[in-house]
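Structure, as C-alpha cells:
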There are 2 protein chains.
Amino acid sequence: MPSAEPLPVSDLGGALLGLLARGPGTGYDLTRQMHRPVGYFWSAQHSQIYGELTRLEQDGLIRGRDVDGAGPRQSRRWSITSAGRRALHAFVTTPPPDRPTRSRLAVQAYSLWLADPDAARAMVQQVRRRHVELLADYAHEDAELGSPAVGDPEFGNAAALRMGVLGAEGMVAWCDWVLEALERG
Amino acid sequence: MPSAEPLPVSDLGGALLGLLARGPGTGYDLTRQMHRPVGYFWSAQHSQIYGELTRLEQDGLIRGRDVDGAGPRQSRRWSITSAGRRALHAFVTTPPPDRPTRSRLAVQAYSLWLADPDAARAMVQQVRRRHVELLADYAHEDAELGSPAVGDPEFGNAAALRMGVLGAEGMVAWCDWVLEALERG
DNA sequence: TCCAACATGTAATTAGTTACATGATTAG
DNA sequence: CTAATCATGTAACTAATTACATGTTGGA
C-alpha cells in the first residue's frame with residue numbers, strides 16, 4: 001500500500017514544487033523564476049537548485065525528461081508528479097515552525113543607540129528608498145493581476161504580493177519612525 | 001599602524017556584540033538573551049553561539065575571563081573590546097545586503113491556490129493567533145519602555161520592538177485578507 | 001570579435017540545526 | 001529522589017553562498 005503521509009519537503013523544495021505546479025521547466029528556468037514573485041521572498045543560487053531538483057526526483061516528487069536546449073549540455077525539463085502535488089498540498093497547509101523571522105535589520109536596530117546619528121540616518125534612508133522602490137514594483141505586478149478566484153494560480157501571486165506590500169509598508173513606516181526619533185535627537 | 005577598516009562580522013556576530021555592548025555575560029547568558037528582544041528577530045542554538053564567541057575572541061572583538069560558575073566547568077565571562085565596539089559601529093550603519101527576506105509563509109502563500117480551503121483557513125487562523133499573541137508580548141515590553149533618547153541602549157530595544165509591532169500588524173492584516181478571500185470563495 | 005544569454009554541473013566554505021555528552025547545585 | 005537549572009562543549013548533519021568550470025549560439 002502507498003504511504004498515507006506525503007514526504008516532507010524543505011522550504012526550497014516547496015518553492016520549486018510551487019513553481020512546477022504551474023507548469024514544467026528546466027533548472028535554468030526555475031533559477032530565473034526565483035525572482036518575481038516567489039523570489040521576492042525566497043532566493044537560491046542555481047548550484048543549490050540543481051541539487052534540490054535531484055533530491056526531489058529521487059523522492060519521486062518531480063520527473064525529468066531530456067530535451068536538447070541551446071546550451072552545450074542536455075537540458076532537463078522537470079514536471080511535478082502526483083506524489084509531488086500531494087507533498088506540496090501538505091507543505092502549504094502545515095503552519096510554519098514558530099521560529100523568529102531572521103531580520104538582520106532588526107539586529108542592527110538593536111544597536112542603533114550607539115551609532116553616529118548621521119551614519120544611522122543615511123543607512124535608514126537607504127533602506128527606506130529600497131522599500132519604496134519595492135512597493136513600486138509590487139504595484140506594477142498588482143496592476144496586471146486584479147482579483148483572481150482562490151482556485152486560480154494567480155491567487156497565489158496575489159497572496160504573496162499582498163504580503164510583500166504589507167511588509168514593505170511596515171518597513172517604510174519603521175524607517176519614518178526612526179528618522180523622526182533621530183530628528184528629535 | 002592599525003587597520004582603518006574594522007573587521008566585518010556576521011549577523012550572529014553583530015547580535016552577540018550588540019548584547020555585549022550593553023554589558024558582559026557568559027555564553028549561557030547570551031544564549032538566554034537571544035530571546036526578548038533581539039531574539040524576536042534572531043535565534044541561535046548555544047552550539048552556534050559558543051563557536052561564534054571563539055571566533056570573535058580570535059578577531060580581538062571580545063575578551064573572555066574565567067570565572068567559577070555553578071556548573072561543572074569553568075565559566076567564561078565575555079566583554080566587548082574597543083575593536084569590537086568599532087566593528088559593531090560599522091555593522092549597524094552598513095545597509096543590509098539587498099537579498100529578499102526569506103519567508104516560508106510567503107512561499108506557502110504562493111501555492112495556496114491549490115490547497116483545500118478549509119485546511120488553508122485553519123493554517124492561516126493559527127498564524128493569525130500567533131501574531132496576535134506576539135503583539136501582546138510586544139505591548140508588555142513596550143509598556144515598560146517609554147520613549148528613550150536615541151543615545152540610550154533602551155532606544156535599541158524600542159527600535160527593534162517597533163519593527164516587531166509593525167511586522168506583526170502586517171501579518172495579522174495579511175491573514176485577514178486571506179481569510180476574507182477564502183470566505184468569498 | 002567580443003559579450004551576453006543559454007544551461008548545467010562540482011567544490012569549497014560558512015551558517016545553522018539537532019543530537020550527544022558531562023556533571024554540579026538547588027527547589028520541590 | 002527527581003527534575004530543572006546551571007554551563008560548556010563536540011559531532012553530525014542540512015542549508016546556503018561563492019567560486020570554479022565548460023562550451024554553444026546570437027546579436028552589437
Side-chain angles (χ1 to χ4, degrees), chain A residues 7-16 24-35 38-39 41-59 62 64-78 91 96-104 107, chain B residues 7-16 24-35 38-39 41-59 62 64-78 91 96-104 107:
Chain A
L7 285 166
V9 292
S10 66
D11 295 350
L12 174 59
L16 294 174
T26 66
Y28 190 82
D29 292 336
L30 293 165
T31 301
R32 276 180 315 162
Q33 286 175 47
M34 285 303 266
H35 299 287
V38 228
F41 306 101
W42 207 271
S43 65
Q45 308 300 319
H46 76 271
S47 58
Q48 199 188 354
I49 290 173
Y50 284 107
E52 183 68 27
L53 287 170
T54 306
R55 202 170 321 157
L56 291 171
E57 189 191 27
Q58 276 161 5
D59 290 348
I62 62 176
R65 218 179 282 281
D66 283 0
V67 294
D68 41 323
R73 282 186 191 71
Q74 275 281 292
S75 209
R76 308 200 72 193
R77 191 170 182 70
W78 300 99
F91 174 82
D98 200 1
R99 297 215 200 80
T101 308
R102 289 211 143 93
S103 165
R104 155 152 181 165
V107 172
Chain B
L7 284 168
V9 291
S10 66
D11 295 349
L12 174 60
L16 294 174
T26 66
Y28 189 83
D29 292 336
L30 293 165
T31 301
R32 277 180 313 162
Q33 286 175 46
M34 285 303 266
H35 300 285
V38 228
F41 306 101
W42 208 270
S43 65
Q45 309 300 318
H46 76 272
S47 58
Q48 199 188 354
I49 290 173
Y50 284 107
E52 183 68 27
L53 288 170
T54 307
R55 202 171 321 156
L56 291 171
E57 188 191 27
Q58 275 162 6
D59 290 347
I62 61 176
R65 219 178 282 281
D66 283 359
V67 294
D68 43 322
R73 283 186 191 70
Q74 275 282 292
S75 208
R76 309 199 72 193
R77 191 171 182 72
W78 300 99
F91 174 82
D98 199 0
R99 297 215 200 81
T101 307
R102 288 211 145 92
S103 166
R104 154 149 184 170
V107 172

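The analysis underlying the following values was restricted to heavy atoms, covering all of them including side chains, and did not include hydrogens, waters or symmetry mates. Sequence lines set the chain letters: A, B, ... in the order given, protein chains first and strands last, and positions in each chain run from 1.
At whole-Å resolution of the value, CG in A:D66 and P in C:dG9 are 9 Å apart. For the pair A:Q33 CD and C:dA7 P, the interatomic distance rounds to 13 Å; values are reported in whole Å. Atom CZ of B:R32 is separated from atom P of D:dA7 by 7 Å (rounded to the nearest Å). Taking atom CG on B:L30 and atom P on D:dA7, their separation rounds to 12 Å, with Å as the unit. Taking atom CZ of B:R99 as the reference point, atom C1' of D:dT18 lies 10 Å away to the nearest angstrom. For B:Q45 and D:dT14, the CD to P distance is 17 Å, given to the nearest whole Å. One atom, CD1 of A:I49, and another, C1' of C:dT8, lie 12 Å apart when rounded to the nearest Å. Separating the CG atom of A:D59 from the P atom of D:dT14 is a distance of 12 Å, rounded to the nearest angstrom.
Taking only side-chain atoms of B:R102, from C-beta outward, the nucleotide of C:dG16, D:dT17, D:dA7 with the closest atom is D:dT17. Distance from the side chain of B:S75 is smallest for D:dA7 among the nucleotides D:dA7, C:dT8, D:dT17.
Distances shown here put every side-chain N or O of A:Y28 at or beyond 4.0 Å from the OP1 or OP2 atom of C:dT8. Contact annotation: B:R76 does not reach the phosphate of D:dG9 (side-chain N/O to OP1 or OP2, under 4.0 Å). Within the structure, every side-chain polar atom (N or O) of A:R77 is placed at least 4.0 Å from both OP1 and OP2 of C:dA7.
Residues A:L30 and A:L53 meet the side-chain proximity criterion, which asks for heavy atoms closer than 4.5 Å. Counting heavy atoms from C-beta on, the side chains of B:V107 and A:F91 come closer than 4.5 Å. With contacts defined as side-chain heavy-atom distances shorter than 4.5 Å, the pair B:Q48/B:M34 does not qualify. A:E57 is listed as a side-chain neighbour of A:R76, based on a closest heavy-atom distance under 4.5 Å.
Atoms CH2 and CG, on A:W42 and A:D11 in that order, are 4.0 Å from each other to the nearest 0.5 Å.
Pairing each heavy atom of B:R102 with each of A:S43, the nearest pair is NH2-O, 2.5 Å.
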Every protein N/O lying under 3.5 Å from an N/O of nucleotides 10-15 of chain C:
from: C:dA15; atom 1: OP2; to: B:R55; atom 2: NH1; distance (Å): 2.9

